[in-house]
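Quick note: numbers below take in every heavy atom, side chains included, and nothing from hydrogens, waters or symmetry partners.
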Amino acid sequence: MSLMGQGVRCEPFAELSRFRGVFYVALAPEHRRGHGALYGALNRGRVDVERLRTALTGLPLPRAADGRLVLAADVSPWLRPDAGTCPDRSFCHTYGRGDAKHQMIPGWPYSFVVALEAGRTSWTAILDAVRLEPGAELAAVTTAQLRNVVAQLIAGGQWEPGDPEVLVVMDAGYDAPRIAHLLAELPVQVLGRLRSDRVMRRSAPSLAEFAAAHPAGGRPPKHGGEFVFGDPATWGDEHAVTTTATRRYGTAVARAWDRLHPRLTRRAAWLDHEGPLPVTEGTVIRLAVEKLPSGGVNRPVWLWWSRTGTTPADVDRCWQAFLRRFDLEHTFRLLKQTLGWTRPRLRDSAAADRWTWLVIAAHTQLRLARPLVADLRHPWERPAEPNKLTPARVRCGFRNLHTKAPSPARAPKPTRPGPGRRPGSKNKRPAARYEVGRVLATGEAYARPAHHKKGTKPRRTAAKC
């Protein structure tokens with residue numbers, strides 16, 4: 001049974017105590033050990049990931065205004081460009097480094113699935129994290145990850161028949177129509193951003209419409225006319241239009257066109273598809289705002305929703321849920337800059353997975369302690385409303401709370417660091433070095449030499465099965 005202090009709410013404290021008991025965690029205010037015991041535990045320890053996943057999906061989760069679960073999927077890299085002794089590294093896509101250009105830097109990319117809250121906030125509920133292997137297909141990994149998360153949510157009683165379908169929000173790096181096709185058997189709606197140069201197709205005309213337009217006969221088409229994002233002449237009449245006044249973006253106008261789908265071809269991910277290629281119809285939404293808070297160019301945003309029969313309420317719910325996807329960026333920044341997710345210099349990718357789940361458990365404890373801690377702010381910080389603390393402020397007040405929460409693990413014993421290698425002696429057991437793995441779209445394996453000269457081109461070798 002959890003012991004409660006004065007002024008502590010019962011239900012949130014019970015949830016925090018229950019999670020700490022399931023996770024079997026011991027936290028000290030400051031970690032004073034000076035030897036490599038932490039690295040040894042990460043390299044040789046064990047984390048029951050499946051049990052932790054079940055515990056995360058069983059906790060109270062944030063929901064939208066209509067009681068719907070809104071999930072977001074995105075990839076965040078753990079960059080390791082100078083770690084040649086680390087296996088299983090991939091080229092991670094980064095932006096804003098150096099000359100603010102798109103770059104490919106070696107590291108470990110992780111795919112996260114979180115539950116989003118309603119309204120402006122920097123909180124998310126992390127539910128799953130999977131490291132992408134070199135050459136892994138993002139759509140296939142994300143589909144398996146979402147299928148597992150939704151199944152655990154259903155098993156944990158978070159979704160029952162008759163509840164609104166779970167909404168999954170994605171950015172432009174995902175193939176939203178393909179993921180919607182792969183998750184068609186689940187109570188899931190997919191909402192993804194599309195590039196502004198895409199071309200969609202309308203529904204094929206019926207046999208009666210085709211016969212009336214072609215008296216001479218012929219083969220009925222599988223697809224209708226084109227819907228070119230960059231050509232307003234091909235848009236036609238909208239099925240729904242909404243106008244919303246916002247404080248930061250001015251007037252937001254959302255237009256929706258129903259029953260549009262991409263025309264698929266047998267290449268890339270659909271190369272080995274058996275049978276006829278599917279026609280996945282959905283709704284295309286164009287969101288245009290009056291201004292941006294940064295003063296930049298307010299280009300329109302194109303979204304694709306995996307449902308048809310759109311109403312104005314559906315349009316507003318979709319584009320507002322997509323704006324909440326950017327809360328995940330605050331979570332990534334908190335994990336890296338505050339909780340130290342990418343700080344350890346690990347060699348083994350399995351140890352990196354264990355540390356990732358430890359950081360997720362720490363973030364979950366902060367989320368559960370959100371209504372319990374006091375606002376220990378600095379004099380120059382603005383006061384926050386109750387239950388409106390940011391994750392960084394909750395972390396400052398968590399030190400006074402975790403001493404009251406029970407923990408089945410004992411506190412670490414202080415000790416001195418080991419002698420280590422004698423100063424000045426050479427390393428007689430050098431670690432093996434590995435190439436960065438990557439598979440190109442052509443099926444070739446991309447390998448960069450370990451000691452390449454500046455100005456030389458990387459070599460390409462045939463991929464081995």
>> I'd like to know if R263 and E226 make a salt bridge, using a cut-off of under 4.0 Å between side-chain N and carboxylate O.
In response: no

> Between H261 and W304, is the gap from one ring center to the other below 6.0 Å?
Replying inline: no

>> Looking only at the aromatic ring of each residue, does the gap between the centers of W235 and W257 stay below 6.0 angstrom?
In response: yes

> Is it the case that D316 and T242 place a side-chain donor and acceptor less than 3.5 Å from each other?
Replying inline: yes

>> Pair E117, R370 - check salt bridge (Lys or Arg N to Asp or Glu O under 4.0 Å), show working.
In response: CA-CA 14 Å; E117 293 189 3; R370 179 180 176 184; 2.8 Å; yes

> Hey, is CG on D237 packed in by over 12 heavy atoms from elsewhere, all under 6.0 Å?
Replying inline: no

> D327 and T124: side-chain donor and acceptor closer than 3.5 Å?
Replying inline: no

>> Are more than 12 heavy atoms, taken from residues, nucleotides or ligands other than R267, located less than 6.0 Å from that residue's CZ atom?
In response: no

>> Between N400 and L376, is the side-chain contact (heavy atoms from CB on, under 4.5 Å) condition met? List the steps.
In response: CA-CA 10 Å; N400 300 330; L376 303 180; 3.6 Å; yes

> Does the pair R178/E137 count as a salt bridge with the N-to-O cut at 4.0 Å?
Replying inline: yes

> Could D74 and R325 be called an ion pair, given the rule that one side-chain N must be under 4.0 Å from one carboxylate O?
Replying inline: yes

> After noting the C-alpha distance and the side-chain angles of R393 and E381, does the key distance pass the salt bridge (Lys or Arg N to Asp or Glu O under 4.0 Å) rule?
Replying inline: CA-CA 10 Å; R393 292 199 184 183; E381 293 179 339; 3.7 Å; yes

> Is the W302 ring parallel, tilted or perpendicular to the F229 ring (thresholds 30°, 60°)?
Replying inline: parallel

>> Ignoring hydrogens, what is the shortest heavy-atom contact between P262 and M200? Give both atom names and the distance.
In response: N-SD, 3.4 Å

> In Å and rounded to the nearest 0.5 Å, what is the CZ to CH2 distance from R80 to W78?
Replying inline: 7.0 Å

> Looking only at heavy atoms, what is the nearest atom pair of T356 and A129, with distance?
Replying inline: CG2-CB, 4.3 Å

> Have D88 and Y434 got a donor and an acceptor in their side chains that come within less than 3.5 Å?
Replying inline: no

> Can you name the closest pair of heavy atoms from R63 and L69 and give their distance?
Replying inline: NH1-CG, 3.5 Å

> Taking the six-membered ring of W123, is NZ or CZ of R367 closer than 6.0 Å to its centre and within 45° of its axis?
Replying inline: no

> Can a donor-acceptor pair be found between the side chains of T234 and D231 at a distance below 3.5 Å?
Replying inline: no

> Of the non-hydrogen atoms in D348 and W108, which two are nearest, and what is the gap between them?
Replying inline: O-CH2, 4.1 Å

> With R247, which residues qualify under side-chain hydrogen bond (donor to acceptor under 3.5 Å, both in side chains), at least two apart?
Replying inline: none

> Heavy-atom count around K388 NZ within 6.0 Å, excluding the residue itself: above 12?
Replying inline: no

>> Using the rule given for side-chain contact (heavy atoms from CB on, under 4.5 Å), can you reason through R53 versus Q152, listing the C-alpha separation, both sets of side-chain angles and the distance that settles it, and then say yes or no?
In response: CA-CA 8 Å; R53 285 192 177 106; Q152 290 179 346; 3.6 Å; yes

> Does the gap between the ring centers of F112 and W341 come in under 6.0 Å?
Replying inline: yes

>> R68 vs R317, test: side-chain contact (heavy atoms from CB on, under 4.5 Å). Steps then yes/no.
In response: CA-CA 11 Å; R68 183 191 308 268; R317 181 175 62 251; 3.6 Å; yes

> Do the side-chain N and O atoms of T57 and Q158 include a donor-acceptor pair separated by under 3.5 angstrom?
Replying inline: no

> Do other residues, nucleotides or ligands put more than 12 heavy atoms under 6.0 Å from R395 CZ?
Replying inline: no

>> side-chain contact (heavy atoms from CB on, under 4.5 Å), that's the test. Do T283 and L260 meet it? Break it down for me.
In response: CA-CA 6 Å; T283 302; L260 296 176; over 6 Å; no

> Would E185 and R147 pass as an ion pair if we require N to O under 4.0 Å?
Replying inline: yes

> Should we say atom CZ of R347 is surrounded by more than 12 heavy atoms from elsewhere, each under 6.0 Å from it?
Replying inline: no

> Does G224 offer a backbone N or O that forms a donor-acceptor pair with the side chain of R201 under 3.5 Å?
Replying inline: yes

